[in-house]
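In what follows, residues are counted from 1 in the order of the sequence shown.
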Amino acid sequence: MAALLPLLPALLLLLPSTPEATSSALLGISYGRVGNNLPPATSVPRILASLGVGRVRLYDADPATIRAFANTGVELVVGVPDECLAAVSTPTGAASWVRSNIAPALPATKIAFLTVGNEVLTGANSSSLSRYLLPAMQCLHDALAQAGLDKQIAVTTAHNLGVLATSYPPSSAYLRKDLLPVLCPILDFHARAGSPFLVNAYPYFAYAGEPTGVELEYALLEPGHAGVADPGSGLHYTNMLAAQVDAVYHAIAAANSAAARGVEVRVSETGWPSAGDANETGATPQNAARYNGNVMRLVAQGKGTPLRPSVPLRVYMFALFNENMKPGPTSERNYGLFKPDGTPAYELSYRLPQDNTSSSSGGGIAGGGVYNGHGYGSENGGYYSISAAGKATMQPAAAVVLTACVPCHDG
C-alpha cells in the first residue's frame, strides 16, 4: 500500500488546481471501499480538493474513514448499513448508534446526513427489512434531536428507481402500489423533517438494456442532443437523468400530493462503467468519460429539471475508485473515476469550474447500505442501480472483513 502513495502527488499535478471545495457544492462523489488495493482514506481529501468536490457519500460509519475528513471542510453523508436497521428501529438502539458512531466525530468532521439502509424496499432482503425502515428513520431522527443535532444532521434513505411502477414518460410515472403503504408514510416523514427523497439513477442501465431503443447521446447527457418531449406535460427533456428525476417527482405527487409540495428529489448515485463483460453494451472508458463529464457540466450549471427548474439538481457521482472485490459482472468493479493506485481511470470530457459553490448551503445527499445487486429488471423500465458498498470494507492493514455494525443492539 505504501508503494501507491508516491503516485498521488503526481496525480494532483495532472488535475486543475481548485480552491478548497465548500459544503455548498452541488456535486458530490461516492466513496466505496470494497477492495483490497485501495489507497488509505487519509489520501482521499487531497483528491477531492483537486476535483473541486466538497461532498462525500460513505456507506458505513467506519471511524477511521470518518476521521480522515476531520478539519477538511468536506461534508459527509454517513450510511447506516442494512444489517443495523432492526437495532436502530428502537429508541434505545438509535441513541446508542448515534452516540457511538456520530457524536465522537463532531464537530471536527462535517456530517450532513444519515442514510438508513440502501434500496431497502427493492433489495434482496426487502421482505425482512422493509418493516424496519421508517421506524429506524424516525428513531434516528429523534436520537439526533435529543442530542441537539437534528438541525445539523438530517435522516433519509436511498431508493432504487424500481420503486416506480412506470417511469416513461415522466408525467405518467407512479409508485408501485405494493410499496405505497411504506412509501407514503416515508414521504410524510420527509415533509415533516425537511429531508430529501433520494434515488440511485443510472441512465447506463436503460441504454445497456435496450441499446436499439435508447439513443446513446440521450443516455450520456450530451448537450447537443435534440431531446425527447413528454406528451403528458409538454416538457422537453434533453437528457435522461433529468427525465428520471422528474419521473420521481411525478410519482411522489401522484401518491402524496401534500408531501410533494415540500419534498426535494436528489440523485444519491449515478455513474457509467468504464469496462464490462461482452454483453454489457456501452461500458467503455470513452462513454464513462463522456457521461461523468456531462454530469459535472450539468450540475455545475446550477439549474433544475424541466419540472422543477428553480431547484438546482444535486448529484452524487458513482464512484471515486474502481473496487476490485465487488461481486457481480465486470462493470461492477469499474465505476471509479480513479484506479486504486490513484491514477485516473480515463480523461474526463469536462472539468468543474474553479467555483463549484453556486448553491446555497442546504445539506448534502445521502446513501448507504450493503451490496444488493441490481434492482428489478423489466419491472422498473430498464432503470437499475448499483450499490457502492458490499459486506466487505477496507481496514488499515488492507484486510477485508465483514462490515461491522457497532453498536447494533439496545443499551
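Take A95 and apply the side chain to side chain contact (heavy atoms under 4.5 Å, CB included) test, not counting sequence neighbours, and it matches R99, A143. When the side chain to side chain donor-acceptor pair (under 3.5 Å) test is applied to N334, no partner is found at least two apart in sequence or on another chain. Under the side chain to side chain contact (heavy atoms under 4.5 Å, CB included) criterion, A145 pairs with D150, sequence neighbours left out. Residues that satisfy the side chain to side chain contact (heavy atoms under 4.5 Å, CB included) test with P211, not counting sequence neighbours, are Y207, T281. Looking at residues two or more places apart in sequence or on another chain, you find no side chain to side chain donor-acceptor pair (under 3.5 Å) involving S274. Taking the side chain to side chain contact (heavy atoms under 4.5 Å, CB included) definition, one finds that D277 meets it with N279, E280, P329, T330, sequence neighbours left out. With sequence neighbours excluded, the residues satisfying side chain to side chain donor-acceptor pair (under 3.5 Å) with S171 are D230.
Considering CG of L134 and OG1 of T157, their distance stands at 10.5 Å, rounded to 0.5 Å.
The pair D178-R176 counts as a salt bridge, with a side-chain nitrogen and a carboxylate oxygen less than 4.0 angstrom apart. A salt bridge links E264 and R314; the closest N-O separation between the charged side-chain nitrogens and carboxylate oxygens is under 4.0 Å. Salt bridge status for E75 with R55: present, with a side-chain N to carboxylate O gap under 4.0 Å.
Annotation: side chain of Y346 is in contact with side chain of N292 (closest heavy-atom distance under 4.5 Å). Residues L164 and Y174 are not in side-chain contact: their nearest non-hydrogen atoms beyond the backbone lie 4.5 Å or more apart.
Residues S30 and Y59 have side chains that bring a donor and an acceptor to within less than 3.5 angstrom of each other. A side-chain donor from one of N36 and N324 sits under 3.5 Å from a side-chain acceptor of the other.
Here side chain to side chain donor-acceptor pair (under 3.5 Å) pairs that include residues 133-142, with residues two or more places apart or in two chains, number zero. Residue pairs meeting the side chain to side chain donor-acceptor pair (under 3.5 Å) criterion with at least one partner in residues 249-261, sequence neighbours excluded, are D188-N256. For residues 211-228, the side chain to side chain donor-acceptor pair (under 3.5 Å) pairs, not counting sequence neighbours, are E215-H225, E222-R290, E222-N294.
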